[in-house]
Amino acid sequence: MDDDTGTLPQKGDFSAWYNDILWRAEIMDVRYPVKGLYVWYPYGFAIRKHVYALLRNLLDRDHEETLFPLLIPEQEFMKEAEHIKGFEDEVYWVTHGGTTPLEVKLALRPTSETAIYPMYALWLRSHADLPMKYYQIVNTFRYETKQTRPLIRLREITSFMESHTVHATWDDAEAQVEYELALTSEFYNALCIPIIISKRPDWDKFPGADYTMAVDSIMPNGKTLQIGTVHHLGEHFSKTFSITFEDKNGEQKFASQTCYGISERCIAALISMHGDDKGLILPPIAAPVQAVIVPITIGKRHADVLAAAEKLKNDLIAAGFRVKIDTRDMRPGAKYYWWELRGVPLRLELGPRDLDAGKVMAVKRTGEKTQIELATVTAEVTRVLAEITGAIRARAEEHTNSHLCTVASMDALDAALNEGKVAVVSWCQQKGCGDVIEEKTNASILGTNARSQYVSATEGACIVCGKPGKATLVGRTY
RNA sequence: GGGGUAGUAGGGUAGCCUGGUCCAUCCUAGAGCGUUUGGGACGCUUUGACGGCGGUUCGAAUCCGCCCUACCCCA
């Protein structure tokens with residue numbers, strides 16, 4: 001019997017689970033016949049819509065949304081040498097218009113600095129124009145050579161939020177980096193996804209940045225997934241693209257810039273962090289359907305039960321919830337499994353017995369059944385959804401906590417990594433020692449200056465050379 | 001970057017070496033009819049495929065070539 005509960009692989013086999021749930025829960029169809037390009041199913045796209053609505057709301061507090069072209073002329077794209085080096089192997093080029101070769105090749109943006117900054121140079125005149133804080137949510141193209149993976153490593157990133165800000169001074173830009181990290185923390189906290197922020201080592205920073213702050217989450221198998229980055233660009237790009245302004249003294253000055261990105265990896269993290277053996281578990285804030293009503297229609301009570309279910313739906317929708325009623329000709333049990341697979345946080349079962357008692361059975365996706373009064377149902381649903389969010393967050397935090405540890409030797413580091421953990425070590429920040437750590441453990445240095453409630457930073461002797469070092473995160477990455 | 005292995009209906013498989021079905025097969029798959037419905041219902045009827053392009057051949061899922069895609073392992 002229990003071997004017949006469905007064919008979704010166990011969450012413990014994370015890779016298989018992930019590949020399967022994408023199509024079973026109708027998030028992505030991976031059968032599109034081009035490598036690294038995938039199709040959003042309507043249900044997956046609805047999840048995306050709610051997640052990105054949340055992101056937009058946060059950004060719109062003090063950014064403005066814009067939209068720049070997909071195509072970038074070769075000469076603009078080639079202006080910033082360091083930047084080019086970072087991307088040249090990954091760029092798709094448009095070389096023809098119809099059958100006519102183009103005189104100027106056009107790059108499909110792998111990221112939009114070189115599309116946006118020439119325009120910023122035109123827009124920025126005076127210190128009074130600063131700061132400028134704009135973002136866009138677009139698709140970008142990267143010719144990935146490593147194995148592609150839906151939502152994680154794509155040749156077309158379909159949902160790239162990139163924010164590009166301009167400031168009068170380096171310090172102002174630094175403050176913006178901090179602000180955007182706070183914004184990111186708020187975003188992921190709302191999605192119940194625990195994060196660790198750290199400063200990437202120099203060899204791993206964004207091409208053309210002064211420094212890169214990265215946001216990582218720990219996946220079920222212990223690998224880390226980078227789900228956000230904030231870069232301090234200093235004056236690299238403003239010098240290249242002549243982004244200057246006249247200050248109060250009438251002098252021309254180069255601006256300082258930041259850029260900041262979040263992609264659909266946030267949805268990969270959402271799915272992976274919360275799901276279980278039965279399927280997705282969506283926090284109510286991201287769920288296309290927050291509560292599903294399953295009418296139990298038996299015998300001659302069809303009409304009564306359906307009418308009551310309809311009223312319940314309308315009451316809840318009027319109260320602002322996203323609710324569906326499932327009247328399909330299926331047995332109730334089959335519907336339960338169907339909605340559980342899709343991660344709907346709350347199921348409301350309404351049958352003759354409940355109706356007579358003036359109650360409805362509320363079943364949490366996180367596993368708990370309670371009866372609630374129909375008379376006060378909107379208040380009760382509000383409370384129960386909040387409890388579900390709390391349970392999801394607690395579980396994710398427990399997972400993250402239990403996958404972090406502090407170690408003081410290479411052997412202990414190796415052991416921790418092989419257990420599927422992310423480790424905190426002391427490192428002197430010299431490239432040589434960094435290489436030793438990465439090569440001996442077959443893992444990556446995520447970064448220093450860890451900021452997370454899950455990491456109590458320490459200083460100590462470098463795990464390789466013994467010189468004074470800083471707390472550094474080491475993990476296996478996606 | 002370097003190796004493997006594979007692609008057959010919505011999903012899962014057999015067949016391929018040794019070319020020749022008018023009937024491949026299983027399913028939580030599609031369509032239809034009926035009986036059902038408080039944790040994955042059942043009966044009957046029925047639809048549907050050999051990743052793509054080219055080649056060899058009287059004849060190709062099967063042999064050959066190129067391409068595309070997927071998964072796994074190792075830098």
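Source: prediction; values computed, not measured. Chain letters run A, B, ... following the sequence lines, proteins first and then strands; every chain starts at 1.
Atom CD1 of Ile296(A) and atom P of A41(B) are 12 Å apart (whole Å). With rounding to whole Å, Arg353(A) atom CZ is found 13 Å from U37(B) atom C1'. One can place CD of Glu90(A) at 14 Å from C1' of G1(B), the figure rounded to the nearest angstrom. In this structure, the CD atom of Glu144(A) is 14 Å from the C1' atom of G1(B), given to the nearest Å. U28(B) atom P lies 13 Å from atom CZ of Arg24(A), rounded to whole Å. Whole-Å rounding puts the Trp339(A) CH2 to G38(B) C1' distance at 19 Å. The distance from atom NE2 of His302(A) to atom C1' of U36(B) is 10 Å, rounded to the nearest whole Å. Atom CG of Asp29(A) is separated from atom P of G11(B) by 9 Å (rounded to the nearest Å).
Taking atom P in both G55(B) and U13(B), one finds a spacing of 32 Å when rounded to whole Å. Nucleotides U45(B) and U5(B), compared at atom C1', are 41 Å apart to the nearest Å. The separation of C22(B) from G4(B), taken at their C1' atoms, amounts to 41 Å, rounded to a whole angstrom. For the P atoms, the distance linking A29(B) with G12(B) amounts to 14 Å, nearest Å. Nucleotides U47(B) and U25(B), compared at atom P, are 12 Å apart to the nearest Å. Taking atom P in both G43(B) and U62(B), one finds a spacing of 37 Å when rounded to whole Å. A distance of about 38 Å separates the C1' atoms of G3(B) and G59(B), rounded to the whole Å. Between G65(B) and G20(B), the two C1' atoms lie 24 Å apart (nearest whole Å).
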Show every donor-acceptor pair shorter than 3.5 Å between a side-chain atom in residues 367-376 of chain A and any protein atom, with sequence neighbours excluded, or say none if there are none.
unit_1	atom_1	unit_2	atom_2	d
Glu368(A)	OE1	Lys364(A)	NZ	3.1

Please list every donor-acceptor pair under 3.5 Å in which a side-chain atom of residues 389-396 of chain A meets a protein atom from a residue at least two apart or in another chain.
unit_1	atom_1	unit_2	atom_2	d
Thr389(A)	OG1	Leu385(A)	O	3.1
Arg393(A)	NE	Asn189(A)	OD1	3.4
Arg393(A)	NH2	Asn189(A)	O	2.8

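Side-chain N or O atoms of Tyr41(A) include none that pairs as donor or acceptor with a backbone N or O of Leu22(A) at under 3.5 Å.
Candidate nucleotides G38(B), U37(B), G11(B) were compared by shortest atom distance to the side chain of Trp23(A), and G11(B) ranks first.
Contact of the Ile195(A) side chain with the Ser452(A) side chain is not registered, since no non-hydrogen atoms from C-beta on lie closer than 4.5 Å. Using a 4.5 Å cut-off on side-chain heavy atoms (C-beta onward), Lys278(A) and Leu8(A) make no contact. When side chains are defined from C-beta on, Val360(A) does not count as touching Glu349(A), because their heavy atoms never get closer than 4.5 Å.
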Can you give one letter per nucleotide of nucleotides 65-75 of chain B, going 5' to 3': B for a protein heavy atom under 4.0 Å from the base, S for sugar-phosphate only, - for none?
-> ---SSSSB---
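Under the 3.5 Å distance criterion, with hydrogens and angles disregarded, no donor-acceptor pair is assigned to the side chains of Asn449(A) and Tyr211(A). Side-chain atoms of Trp40(A) and Thr158(A) form a donor-acceptor pair, as typed in the model, at a separation below 3.5 Å. In summary, the side chains of Arg149(A) and Asn19(A) do not present any donor paired with an acceptor at a separation below 3.5 Å, with no hydrogens or angles considered.
Among pairs with a residue in residues 77-102 of chain A, those fulfilling salt bridge (Lys or Arg N to Asp or Glu O under 4.0 Å) read Glu76(A)-Lys79(A), at least two apart in sequence or across chains.
Applying the 3.5 Å distance criterion, the base of G39(B) shares a donor-acceptor pair with the side chain of Glu340(A).
At the phosphate of G1(B), OP1 or OP2 sits under 4.0 Å from a side-chain N or O atom of Thr145(A). OP1 or OP2 of G38(B) sits under 4.0 Å from a side-chain N or O of Arg331(A).
Paired regions of RNA chain B, where each region holds three or more successive Watson-Crick or G-U pairs whose two hydrogen-bonding distances fall under 3.5 Å, are B:1-7 with B:68-74, B:10-13 with B:24-27, B:30-35 with B:41-46, B:51-55 with B:63-67.
Arg31(A) comes within 4.0 angstrom of sugar-phosphate atoms only, judged by non-hydrogen atoms across all strands, and of no base.
Shown here are the side-chain contact (heavy atoms from CB on, under 4.5 Å) partners of Lys205(A), two or more places apart in sequence or in another chain: Asp202(A), Thr212(A).
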